[in-house]
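Working notes, beginning with the structure itself.
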Amino acid sequence: MLFLIRRGTESIPIARASRSIGSLLIRTTTNNTPRRFSTSLRQPQHLAVDTHDTTDTMADNTKDTKEDIKAPKPASNLQIKTPKGTRDWHGPDMLLREQLFQIVSDVFKRHGGTPLDTPVFELREILAGKYGEDSKLIYDLQDQGGELCSLRYDLTVPFARWLAMTSTQQVKRYHIAKVYRRDQPAIARGRMREFHQCDFDIAGVYDPMIPDAEILRIIVEVFDALKLGITIKLNHRKILDGLFAVAGVPAEKIRAISSAVDKLDKMPWADVKKEMVEEKGLPEEVADKIGVYVQNAGNITDIINYIKADAHLPTNDDIKAGIHDMELLAAYLEALEVTDKVSFDLSLARGLDYYTGLIFEVINKPEPVAEGDKKKKSKKDDPASQVGSIAAGGRYDNLVGMYGKKQIPCVGISFGIDRIYTILKARGENDIKKREVDVFVMAFGGGKDFDGLLIERMKIARQLWNAGIRAEYMPKAKPKLQAQFKAAEGTPLGVILGEDELKAGQVRLKKLDQGQGQKDEGNLVPIDSLAEEVKKLLL
C-alpha cells in the first residue's frame, strides 16, 4: 500500500507503511529548515494518521538523529591508565613471557602433566577459609542478583574443587592462568594484583614423599632450563607445628603464629617477635623459645640431627612424623640430584591454611660478582633480592575433603612467571630469544623501471611462512633499501631480491646486525632451497 503526500494539487507517492514514516516526511530546504507537508493517507478511515501527531514525531526524530551522530566528548578528568597493580603486555615483553610459558609447560609435559583450565571466578564459599590472614586479599565480585562469587586467589583451591566434583582419583595436572590479589603492588619487583601462575600438582594416594620428591625435581628442571640459580627452602608443617607446641603456643593460635613466622624472610626477628607478643597475644617467653628454633637452617641431614639432639623436640608426635618424612625425602632427592639445591629452613611457614606436610619456597640466588668488578651491586639493585620467592608450594592432604566425602592427598608447586620475568629482563643475560621475526625479505634495485618487486617479496615470504619460519617484508610497493634495513633491525637474517638474481632463480641470504666492523655480503642461494638454508643459519 502506498501513502500519498499532497502538495497543492499534486500527489507524491512515498514508501509503504513503516515505523520510519516520520523520517520520510521531512524535506529540507536550502537554509536547513525542516519543511512539513500536510498528509493525507489513502487508507481506511480507522487507520488514518493524525497530522499533528505525525509532525511532532518528525521533529522528535530529527532531534534524535542529530543527537545520535554527535561524537561523545571525553571526560576532562579521565585518566587513561591500567588499574593499579596491572599492566599491558606487548611485543618483546609478550614474546618473552610466552616463551617462559613454553619452557615451563615442556617440563610439565615431560613429567606426564595433563592440562586443566577452570573459571576465573569461583563461588565465594569455595574460597572462604582457605587462605588464613590472606583471605582479605580476595577480590569479591559485586552481587548482581545471582550467585556470590570472587576472583580466584590461586589455582590450587579451584583444582581441589574440580577433584571433588569429578571421579578422578589420581592425576598429574598443570594449569597456567591468571590469579588476582588485592595486595599492595610493586610492579618493578614483579608484585602485581593480576598475575600468572604456572601450577603442577600430583593428586592421589602414593607411598610417602615420592610425589614430593618429583615436584622438587620439576623445580630444578624448570630453573635449569631458564639458567637461573636457585635455592629451594624446605620445611615440614608437622615439624613446625610441633615446634610451636613444644614452645608453648596454644593450639588455637598456631596458625596465627605460623603466619607471623612466615614474615621472617621480609622482617628481622625483633619485628616478628613484637607482632607475636603485641598483636597475637603470645607470652614473651614463648616467643623467645620459638626464636631459638626457627632461626636454624642448613642441609636436611644437619637440621634433622639438630632436632634429634634437642631435649624436648623428639618427644613430640608431629615432629616424629615430620622427621620420618624428611629422612625419606633426603634419600629420594639424592637419587634425583636435587640435594645441592635445597635448604631445610625451620623459619619457613607458608601462611596458607591448607598445607599439611612438606612446604617449600624457591628464591633466586644473587648473581656472583665478577672478579675485579669494583662496582658491586647493592641489594637494592639486584632484582633477585627484590622479588622475593619465585615459586612456592607444598602438600595439602585435606583440602579436597572440605568439598565432599572423598579425601584425595595432593602436593604441588606454583611458579610466579611475572616475578621470573622481572629477574630475566633486569639481568638481560638469559638465552631466551626475544625477537619477533627471523627473516626480513627486501628488494634491491634502481632506475625508473624498478617496481619494488612487491609480488616477488610476497611469494618469498609465503614460502618461508609455509616452512614455519617467521618472516616479514615492508608493506610498501617501492621501499627504499635504507628504509628496509632500518625496518629489519633486530632481525638476524635478510633475504635480498634483485631482478637479475630472480631471473636466475636465486636470492641473496645475508646475516644482519653483524656488529661494527663486520660485513657480510651474504650468499646466493636457489629459491627452491631457501627455507632449508635459512633454518641452517637459525640453529
Side-chain angles (χ1 to χ4, degrees), residues 79 81-89 97 101 105 108 113-168 171 173-187 190-201 203 255-256 259 262 350-356 389 391-419:
Q79 185 180 8
K81 59 184 285 292
T82 60
K84 186 177 182 180
T86 67
R87 58 161 293 182
D88 294 318
W89 293 82
R97 192 179 71 174
F101 291 154
S105 61
F108 291 168
T114 300
L116 172 71
D117 192 22
T118 62
V120 74
F121 52 89
E122 295 278 348
L123 293 176
R124 194 171 299 174
E125 60 190 15
I126 294 291
L127 305 183
K130 310 302 186 302
Y131 304 107
E133 292 185 356
D134 286 345
S135 292
K136 63 181 180 293
L137 303 181
I138 295 175
Y139 274 102
D140 290 329
L141 300 180
Q142 183 178 357
D143 179 12
Q144 296 181 325
E147 299 169 317
L148 293 178
C149 297
S150 300
L151 294 180
R152 61 189 174 203
Y153 177 91
D154 64 7
L155 302 178
T156 304
V157 170
F159 173 53
R161 187 263 308 153
W162 176 80
L163 284 172
M165 289 176 58
T166 67
S167 59
T168 305
V171 67
R173 98 71 171 87
Y174 72 89
H175 190 180
I176 300 177
K178 288 182 177 180
V179 297
Y180 300 85
R181 298 180 185 177
R182 292 194 307 112
D183 204 351
Q184 186 61 32
I187 294 179
R191 188 184 303 130
M192 313 282 284
R193 288 183 167 179
E194 177 193 63
F195 56 97
H196 273 93
Q197 286 188 337
C198 299
D199 282 22
F200 187 97
D201 293 74
R255 289 284 78 84
S259 177
D262 194 43
R350 300 289 291 139
L352 303 182
D353 283 354
Y354 52 69
Y355 287 123
T356 58
S389 63
R395 173 162 288 281
Y396 50 102
D397 288 346
N398 302 328
L399 183 57
V400 178
M402 294 181 181
Y403 301 119
K405 296 180 180 179
K406 64 179 180 179
Q407 196 65 270
I408 302 178
C410 304
V411 61
I413 177 67
S414 178
F415 294 88
I417 285 296
D418 297 77
R419 293 187 175 192

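Only heavy atoms go into these numbers, but all of them, side chains included; no hydrogens, no water, no symmetry mates. Owing to the predicted nature of the structure, the values given are computational and were not obtained by experimental measurement.
Residues passing the side chain to side chain contact (heavy atoms under 4.5 Å, CB included) test with Ala160, sequence neighbours excluded: Leu399, Val400, Tyr403. For Tyr180, the side chain to side chain contact (heavy atoms under 4.5 Å, CB included) partners at least two apart in sequence or on another chain are Val120, Tyr139, Leu151, Lys178, Glu194.
Side-chain contact check for Cys149 versus Leu123: some heavy-atom pair is nearer than 4.5 Å. Under the 4.5 Å side-chain criterion, counting only non-hydrogen atoms from C-beta, Gln197 is not in contact with Ile417. Residues Val171 and Leu163 are in side-chain contact: their nearest non-hydrogen atoms beyond the backbone lie under 4.5 Å apart. Side-chain contact between Arg419 and Ser389 is present, with at least one heavy-atom pair separated by less than 4.5 Å. Side-chain atoms of Arg173 and Leu155, non-hydrogen and from C-beta on, do get closer than 4.5 Å to each other. Put simply, the side chain of Thr156 does not reach to within 4.5 Å of the side chain of Tyr131, judged on heavy atoms. A heavy-atom distance below 4.5 Å is not found between the side chains of Lys130 and Tyr153. Side-chain atoms of Arg97 and Trp89, non-hydrogen and from C-beta on, do get closer than 4.5 Å to each other.
With Asp140 contributing its side chain and Ser150 its backbone, the two residues share no donor-acceptor pair below 3.5 Å.
Nearest approach of His175 to Asp117, heavy atoms of both residues: NE2-OD1, 3.2 Å.
Relative ring orientation between Phe108 and Tyr174 is described as tilted, the plane-to-plane angle lying within the 30° to 60° band.
Atom CD of Gln407 has more than 12 neighbouring heavy atoms from other residues, nucleotides or ligands inside a 6.0 Å radius.
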